[in-house]
Amino acid sequence: MARIPKFFADYAERRGFVTRVDAVEPVGEGLLRIAFAGEGLRAVEPGPCDVTAFRIAANDFRHYTPETLDPAAGRATVLFHRHGQPDAPGLAMVEALAPGDAVTWCGLASARGFRWEAPRRVLALGDASTAGLLVSLTDRAHADGAELLAVIEVEEPDRAAVAELLPGAVVLAAGPRPGDAAAGWLADAGEAVKRLAPDTVYLAGHGQSVQAQRDLLRTVHGLDRRTIRTQPYWATGRTGL
């Protein structure tokens, strides 16, 4: 994302709430689950597409989607993608966290065009960076009695761990280029998409892949653009979004 003036960054942080790291747990090779606890988490009304921001520098933030959030317990978990770029400021901050560390959550909300609005039949596609989002969407769909098909591409060593996180999901092995595995699945998934007949589609993760998936859903599967909601998390050639 674009850097912002320090004045506004200070303001965003003051409006947030402090949590403490409760636990740190590797999930497979490429994901890291961190649990957070704090009174501020008791005051939120979470939605499955909500994101929070962690301040990583004087004028820079990174955004993350909670995997789980339990206001009654004041506890949340976030799945972070260990994407193999250890010099990335956001990942460096996350991987340095240990139980007891303080972390300020700078807000918690969904983007206007990427919200859960009581859909009945849902298709959700993403990559490893969206694992927490897909868990959150799956849990909400189950709670609401909605039908959801999750499709996710991850590095081969993480397929088994992600399949456990997302029972019933289509877990694809990521290829050398982001989005190719999901695009290939979409190209051959006519019957699966027709059978589901989604009234809402969530596309998240790699920005260029999200655009390609949206085009495939419209041109190959004939879905109305109004059913498709997009939220890029990262993009080739850019540092954060």
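Computation of the quantities below employed the complete heavy-atom set of this structure, encompassing side-chain atoms and omitting hydrogens, waters and symmetry-equivalent molecules.
Shown here for D224 and T227, the closest heavy-atom pair between the two residues is O-OG1, 2.8 Å. Considering every non-hydrogen atom in both E155 and A174, the closest pair reads N-CB, 4.2 Å. The nearest pair of heavy atoms linking P198 to L223 is CG-CD1, 4.1 Å. Here the closest heavy-atom approach between residue P119 and residue A146 is recorded as O-CB, 3.4 Å. Heavy atoms only, all atoms of each residue included: A173 and A181 are closest at O-CB, 3.4 Å. What you find for L69 and P46 is that their closest heavy atoms are CD1-CB, 4.1 Å.
A heavy-atom distance below 4.5 Å is not found between the side chains of H221 and V201. You'll find the side chain of R82 reaches within 4.5 Å of the side chain of P26, heavy atoms only. Side-chain contact between T68 and T77: present, with at least one pair of heavy atoms (C-beta onward) separated by less than 4.5 Å. The closest side-chain heavy-atom distance from L125 to L186 is below 4.5 Å. The shortest distance between side-chain heavy atoms of W116 and S136 does not fall below 4.5 Å. Side-chain contact between Q231 and H63: absent, with no pair of heavy atoms (C-beta onward) separated by less than 4.5 Å. Looking at R55 and T104, their side chains never come closer than 4.5 Å, going by heavy atoms from C-beta outward. Within the 4.5 Å cutoff, the side chain of L133 has heavy atoms near those of the F114 side chain.
Side-chain atoms of E67 do not come within 3.5 Å of backbone N or O of L79 as any donor-acceptor pair. Judged purely by atom type and a 3.5 angstrom limit, D127 uses its side chain to pair as donor or acceptor with the backbone of H206. Side-chain N or O atoms of R214 include none that pairs as donor or acceptor with a backbone N or O of L217 at under 3.5 Å. At distances below 3.5 Å, at least one donor-acceptor pair connects side-chain atoms of Q208 with backbone N or O atoms of T236. A donor-acceptor pair under 3.5 Å is formed between the side chain of R120 and the backbone N or O of G145. A donor-acceptor pair is defined here as one N or O able to donate and one able to accept, closer than 3.5 Å; such a pair exists between the side chain of D158 and the backbone of G30. A donor-acceptor contact shorter than 3.5 Å links the side chain of R42 to the backbone of A72. Using modelled atom types, one side-chain atom of R20 and one backbone atom of G100 make a donor-acceptor pair closer than 3.5 Å. Under the 3.5 Å distance criterion, the side-chain polar atoms of E153 are matched with a main-chain donor or acceptor of G179. For D199 (side chain) and R121 (main-chain N/O), a donor-acceptor pair under 3.5 Å exists by modelled atom type.
Rounded to the nearest 0.5 Å, atoms SG (C49) and OH (Y202) are 4.5 Å apart. We find the CG-CD1 distance between D60 and I56 to be 4.0 Å, quoted to the nearest 0.5 Å. With rounding to the nearest 0.5 Å, the separation of CD in E45 from CG in D50 is 10.5 Å. The distance from atom CG of L216 to atom CZ of R218, rounded to the nearest 0.5 Å, is 12.0 Å. Rounding to the nearest 0.5 Å gives a distance of 10.0 Å between CD1 of I228 and CZ of R225. One finds the CD1 atom of I152 at 13.0 Å from the CH2 atom of W185 (value rounded to the nearest 0.5 Å).
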- [ ] Verify side chain to side chain contact (heavy atoms under 4.5 Å, CB included) between L203 and T230, making sure each step is shown before the conclusion.
- [x] CA-CA 5 Å; L203 306 177; T230 63; 4.2 Å; yes
Open item on the list: With side chain to side chain donor-acceptor pair (under 3.5 Å) as the criterion, how do Y233 and T65 come out once you've worked through the C-alpha distance, each side chain's angles and the decisive distance to 0.1 Å?
Closed with: CA-CA 10 Å; Y233 280 14; T65 299; 2.8 Å; yes
Open item on the list: Quick one, L165 with L31, criterion side chain to side chain contact (heavy atoms under 4.5 Å, CB included). Give me CA distance, side-chain angles, the key distance, then yes/no.
Closed with: CA-CA 11 Å; L165 285 176; L31 296 170; 4.2 Å; yes
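One hydrophobic cluster, built from ILVMFWY side chains closer than 4.5 Å, cannot hold both V135 and L172; they sit in different ones. At a threshold of 4.5 Å between side-chain heavy atoms, the hydrophobic network of Ile, Leu, Val, Met, Phe, Trp and Tyr places L137 and L166 in one connected group. Taking hydrophobic clusters as Ile, Leu, Val, Met, Phe, Trp and Tyr residues chained together by side-chain heavy-atom distances below 4.5 Å, L123 shares a cluster with V220. Linking Ile, Leu, Val, Met, Phe, Trp and Tyr whenever their side-chain heavy atoms come within less than 4.5 Å puts L97 and V78 in one cluster. A continuous path of Ile, Leu, Val, Met, Phe, Trp and Tyr side chains, each step under 4.5 Å between heavy atoms, connects L196 with V170, placing both in one hydrophobic cluster.
In summary, of the residues considered (Y64, F17, W105), a ring-ring contact (aromatic ring centres under 6.0 Å, His included) with F36 occurs for W105 alone. For the pairing with V103, the side chain to side chain contact (heavy atoms under 4.5 Å, CB included) check across V94, T52, T19, I34 returns one residue only, T19.
Sparse packing is recorded around CD of E164, with 12 or fewer heavy atoms of other residues, nucleotides or ligands lying under 6.0 Å away.
Classification of R159 and E156 as a salt-bridged pair holds, one side-chain N sitting under 4.0 Å from a carboxylate O. Salt bridge status for R14 with D10: absent, with no side-chain N to carboxylate O gap under 4.0 Å.
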